[in-house]
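Since this is a predicted model, take the numbers as computed values, not measurements. The chains referred to below are lettered A, B, ... by the order of the sequence lines, with proteins before strands, and numbering in each begins at 1.
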Amino acid sequence: MAGFQSLPGFREFYPEDFSRRQHIFNGWRKSANAFGFQEYDAPVLEPLELYTTKSGDEIEGQLFSFTDKGDRQVSLRPEMTPTVCRMVGAKAGALKRPIKWFSIAEFYRYERAQKGRLRAFNQFNADIFGEAGPEAEIELIALLIQCLGGFGLTKDDFYVRLSDRNLWFYYLEALGFDEAQTRGILSAVDRYEKMGDDAFKGYVEAHGALADDKKAKVLAFLKIKSLPELEATLTPLGSEKITARLTDWRKVLGGVAAMGLADFIAVDLGVVRGLAYYTGFVFEAFDRKGDLRALAGGGRYNDLVKKLGYADLPAVGFAIGDVTTGLLLEQRGLTPAYVGGPDIYVVIGGEAERRAAFADIQVLRAEGLRVEYPFKDLAFGKQFKAASESGAKLALIYGGDELAKGVVKIRNLTDRSEREVPRAEVLAEAQSALGKP
RNA sequence: GCGGCCAUAGCUCAGUUGGUUAGAGCACUUGAUUGUGAUUCAAGGGGUCGCGGGUUCGAGUCCCGUUGGCCGCCCCA
């Protein structure tokens, strides 16, 4: 086992692995195209400041960052959001609204690898800029569901939990919390599912004891799992902001339901999402069995474009990772069988026949048919064995007898039938035998 | 950054209380086979037993360190 190893948390994609990854990418791209999103790409290496501005200096510990030869502080990208905000922000005045963009790209985080999390991974990112209303959320949640459902995953396999940081802010304000306390509470809510009551320890240390009646209300709120419960809790408060917000909620849930996707959505105020740049609706996709990390996450971030120095542009977005998606597809048996073989294997009699075969092989390949042939002269028996093992559906036989007659023998490797066709018709015959245009 | 488990051929693994030249199946290459493929038979290549050190007459085996993998904690944009 001499030589070199790849770095920890980085994957190598052998052909079979690559085809599985490609299946995922293709599915994402197909869904995004169907929803009218436009694809973009961006640099892998960015100024470090792009990320510290967005997330604070602490983030550097989790970045692949270094100083380049021009003394610039740089980092491999850990996410797409700041980059796409910069791209959109720089041309915001010239872009037609709503701006619906997506990308499929590799990201890098300097963290300890574990199940569903690596140091290099791929994400599908979809964002809508320039639409402040909940119509953008409807579009993105529908796209998220299609991006997973497109692989054959159903409502029994995954679901999307929908929550709202705005409602949390409004509700906690109504309970008398100030802004710093509110952030402390949200941090506790974020961990409550995992840690239980201990989640509030940090809050108590920073802000003092939490009154029992208030804590009970917070706990009741984070356990809300439906719109009627939400309305019942909030309507009595009589706040205009809250009433307007509930209208947004009804729009989102009504829109998603009208698309026939209601079964994929769960109202769940227990979701608030870690870092605090989200400003409204937030959502996460999970597998139903719940033994994997989050499949996808996203939400509204209306302040970020401005914070990075550009126009005040509302935005919503989400990202799906390839690692957890791949694990789920594997678990559900939805990974397609690897097909690496050609359509056609050409059996060649000898040197003279090889030249005739080459002429036709080039014609077939130029039309997009996948054609293989043996590099070296081999006994016919060997060639048929190789043809069979290659997975090809057809063999074309270029032997001395055939060429003397101006024909090529086409053998169907599945049913073993054979027939001779004039050389000039090889392309048309091969295409029709393969069911290709 | 912290903790648990693990590491023998490309893959799955065997390898006795420490004892000669480290094995099997699958996979791969070649031949039996100069006009017809899933079988069969034969041969072959491939290992510094993850790496480094220690104990010992002797280490794949015991000890220490290290690297990597899996799992968990912190974090999770």
Paired to B:C57 by Watson-Crick or G-U wobble criteria (both distances under 3.5 Å) is B:G19
Among B:C73, B:G37, B:G35, the one nearest any side-chain atom of A:K194 is B:C73
NA contact type, A:G61, heavy-atom cut-off 4.0 Å: base, sugar-phosphate, or nothing? nothing
On the ring face of A:F13, is A:R21 found with NZ or CZ under 6.0 Å from the centre and within 45° of the axis? yes
Rounded to whole angstrom units, what separation is found between the CG atom of A:D377 and the P atom of B:U34? 12 Å
Decide yes or no, distance alone: a donor-acceptor N/O pair under 3.5 angstrom between the base of B:U36 and the side-chain of A:E418. yes
Side chain of A:R191, heavy atoms from C-beta onward: which of B:C75, B:U36, B:G35 has the nearest atom to it? B:C75
For B:C74 and B:U56, measure between their C1' atoms and round to the nearest Å. 44 Å
Pick base, sugar-phosphate or nothing for A:G9, based on heavy-atom distances below 4.0 Å to the nucleic acid. sugar-phosphate
Quiz item: A:R416 side-chain donor-acceptor pair to B:U36 base, under 3.5 Å: no
Using whole Å, what does the distance between atom C1' of nucleotide B:A77 and atom CZ of A:F121 come to? 9 Å
Give a yes or no on whether the backbone of A:Y14 and the side-chain of A:D17 come within a donor-acceptor separation of less than 3.5 Å. yes
Can you measure A:I59 atom CD1 to B:C76 atom P for me and round it to whole angstrom units? 8 Å
What integer number of Å spans the P atoms of B:U66 and B:C5? 15 Å
Closest to the side chain of A:P8, out of B:G37, B:G68, B:C73, is B:G68
Taking the same atom, P, in B:A24 and in B:A42, what whole-Å distance lies between them? 14 Å
Between C1' on B:G35 and CD1 on A:I410, what's the gap in Å once rounded to a whole number? 18 Å
Kindly assign one of parallel, tilted or perpendicular to the pair A:F286 and A:Y159, based on the angle between their ring planes and the thresholds 30° and 60°. tilted
The Watson-Crick or G-U wobble partner of B:C41, with both key distances under 3.5 Å, is B:G31
Just checking A:Q62: base, sugar-phosphate only, or nothing, at a heavy-atom cut-off of under 4.0 Å? base
Under a 3.5 Å limit for both distances, which nucleotide forms a Watson-Crick or G-U wobble pair with B:U12, could you say? B:A24
Closest to the A:R109 side chain, choosing from B:G37, B:C76, B:C75: B:C76
When A:Y110 and A:L378 are each assigned the nearest nucleotide of RNA chain B, the 5'-most assignment goes to A:Y110
Mate of B:G52 across any strand shown (Watson-Crick or G-U wobble, both atom pairs under 3.5 Å) is B:C64
So, A:W101 versus A:F129, ring centres under 6.0 angstrom or not? no
What's the CZ-P distance between A:F375 and B:U30, to the nearest Å? 14 Å
The side chain of A:A379 is closest to which nucleotide in this list: B:G37, B:A77, B:U34? B:U34
Under 3.5 Å for both donor-acceptor distances, Watson-Crick or wobble: does B:C2 have a partner, and if so which one? B:G72
Please determine, for the side chain of A:F384, which listed nucleotide (B:C74, B:U36, B:A77) has the closest atom? B:U36
On the six-membered ring of A:F158, is A:R332 placed so that its NZ or CZ lies under 6.0 angstrom from the centre and within 45° of the ring axis? no
Considering only heavy side-chain atoms of A:R112, the closest of B:G1, B:A77, B:C74 is B:G1
Of the candidate nucleotides B:A77, B:C74, B:G37, which contains the atom at the shortest distance from the side chain of A:Q114? B:C74
Rounded to whole angstrom, note down the P distance from B:C70 over to B:C26. 30 Å
Atom C1', compared across B:U55 and B:G65: separation rounded to whole Å: 15 Å
Provide the distance between the two C1' atoms, one in B:A27 and one in B:G45, to the nearest whole Å. 13 Å
Using atom P of each nucleotide, how far apart are B:G60 and B:A22 to the nearest Å? 9 Å
Report the distance from atom OH of A:Y373 to atom P of B:G37, rounded to the nearest whole Å. 24 Å
Compare the minimum distances between each of B:G37, B:C76, B:G31 and the side chain of A:K382, then state the nucleotide with the smallest one. B:G31
Would you kindly give the CZ-to-P distance between A:R11 and B:G68, to the nearest whole Å? 18 Å
Position toward the 5' end of RNA chain B (nearest nucleotide), A:D415 or A:R117: A:D415
Across the strands shown, which category fits A:Q123 at heavy-atom distances under 4.0 angstrom: base, sugar-phosphate, nothing? nothing
Would you measure the distance from the C1' atom in B:G31 across to the matching atom in B:C71 and give it in whole Å? 48 Å
In this structure, OG1 of A:T52 is separated from CD of A:E58 (nearest 0.5 Å) by 9.5 Å
Starting at atom CG of A:D127, determine the distance to atom P of B:A77, rounded to an integer number of angstrom. 15 Å
Salt-bridge test for A:D303 and A:K307: reply yes if a basic N is under 4.0 Å from a carboxylate O, no otherwise. no
dist A:L148:CG -> A:K155:NZ (nearest 0.5 Å) comes out at 15.5 Å
